[in-house]
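Inspection log for the structure reproduced underneath, given as structure tokens.
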Amino acid sequence: MSIEVLNESSEVPSPVPEQELADLGRHVLEQMRVHPLAELTISLVDEATMASLHEQWMHLPGPTDVMSFPMDEIRPSRDGQEPVPGLLGDVVLCPAVARAQASAAGHAVGDELLLLTTHGILHLLGFDHAEPHEEREMFDLQRTLLLTFLAQRGRTTTAAPEPGQV
């Protein structure tokens with residue numbers, strides 16, 4: 001898998017775990033049975049850039065924490081199904097917004113960025129949370145993926161809310 005992390009943020013509140021973001025991306029894509037030749041970009045941007053993207057694509061004011069821009073509409077492969085290679089797309093994170101959210105939730109900025117990366121990748125794979133049943137499915141999967149990744153590293157986090165806590 002090709003996972004590129006681009007740190008374009010001048011407002012990074014603390015060292016961004018760039019390698020950990022790439023490793024998490026690889027973990028999520030492997031667990032979701034995405035083709036090993038799939039490509040993913042994770043970009044970290046400042047608040048002004050995120051606000052511009054948020055306004056342009058979502059027609060909403062101000063910066064947000066994460067946005068996803070799918071490319072080839074790759075979906076997780078099912079049992080017996082061959083995964084399809086291609087360009088998964090881009091996950092764009094705003095560390096300054098993540099910092100504020102992490103502070104409010106009482107956990108580390110790095111953990112918030114891991115949570116947001118997982119969330120963004122799931123959006124690229126076609127998951128959504130507009131309806132209650134979709135939200136449950138996506139957030140349960142998000143929590144499982146993040147916790148299994150951290151468990152492999154001998155870590156825990158408070159950034160993965162219990163199901164139903166959104």
Report task. Assess whether side-chain contact (heavy atoms from CB on, under 4.5 Å) is satisfied between Met50 and Thr64, documenting all intermediate values. Result -> CA-CA 7 Å; Met50 185 59 98; Thr64 189; 4.0 Å; yes
Query - Worked verdict on Val92 versus Phe69 for side-chain contact (heavy atoms from CB on, under 4.5 Å) - result: CA-CA 8 Å; Val92 181; Phe69 297 94; 3.8 Å; yes
Query raised in the report: Is there a side-chain contact (heavy atoms from CB on, under 4.5 Å) between Thr41 and Val5 once you walk through the steps?
Result: CA-CA 6 Å; Thr41 301; Val5 178; over 6 Å; no
Requested in this report: Given side-chain contact (heavy atoms from CB on, under 4.5 Å), test Ile42 with Ile3 step by step and report yes or no.
Outcome: CA-CA 7 Å; Ile42 301 168; Ile3 300 175; 4.1 Å; yes
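For Leu87 against Met71, the heavy-atom pair with the smallest separation is O-CB, 3.3 Å. Taking each heavy atom of Gly120 and Ser68 in turn, the nearest pair found is O-OG, 2.8 Å. The shortest heavy-atom contact between Leu113 and Ala98 is CD2-CB, 3.7 Å.
Side-chain rings of His119 and Phe127 stay apart, their centers remaining 6.0 Å or farther from each other.
Considering CG of Leu29 and CE of Met1, their distance stands at 5.0 Å, rounded to 0.5 Å. Summarising the geometry, atom CG belonging to Leu124 is positioned 7.5 Å from atom CG belonging to Asp90; distances are rounded to the nearest 0.5 Å. Met67 CE to Cys94 SG: the interatomic distance, rounded to the nearest 0.5 Å, is 11.5 Å. Note: Ser2 OG to Glu39 CD = 5.0 Å, rounded to the nearest 0.5 Å. Of the inter-residue distances, the one linking Leu44 atom CG with Asn7 atom CG reads 5.0 Å to the nearest 0.5 angstrom. The NE2 atom of His54 sits 4.5 Å away from the CG atom of Leu60 when rounded to the nearest 0.5 Å.
When atom types are taken as modelled, the side chain of Asp72 and the backbone of Leu88 share no donor-acceptor pair closer than 3.5 angstrom. Under a 3.5 Å cut-off, the side chain of Thr148 and the backbone N or O of Leu145 do form a donor-acceptor pair. One N or O on the side chain of Glu55 and one on the backbone of Gly62 form a donor-acceptor pair closer than 3.5 Å. Under the 3.5 Å distance criterion, the side-chain polar atoms of Thr144 are matched with a main-chain donor or acceptor of Asp140.
Judged purely by distance below 3.5 Å, without hydrogens or angles, the side chains of His129 and Glu134 never pair a donor atom with an acceptor atom.
Put simply, Val66 and Leu115 are part of the same group of oily side chains (I, L, V, M, F, W, Y) that touch within less than 4.5 Å, one to the next. Tracing side-chain contacts under 4.5 Å through hydrophobic residues (I, L, V, M, F, W, Y), one reaches Val45 starting from Met58; they form part of the same cluster.
For the pairing with His133, the side chain to side chain contact (heavy atoms under 4.5 Å, CB included) check across Glu135, Glu137, Glu131 returns one residue only, Glu131. Across Leu141, Asp128, Thr117, a single residue satisfies side chain to side chain contact (heavy atoms under 4.5 Å, CB included) together with Leu122, and that is Leu141.
A heavy-atom distance below 4.5 Å is found between the side chains of Ile121 and Leu40. Taking 4.5 Å as the limit, some side-chain heavy atom of Leu150 sits within range of a side-chain heavy atom of Leu114. Looking only at side-chain heavy atoms (C-beta outward), Asp46 and Glu8 stay at 4.5 Å or farther from each other. Glu20 places a side-chain heavy atom less than 4.5 Å from the side chain of Arg153. Here the side chains of Val34 and Ile74 are in contact, with some heavy-atom distance below 4.5 Å.
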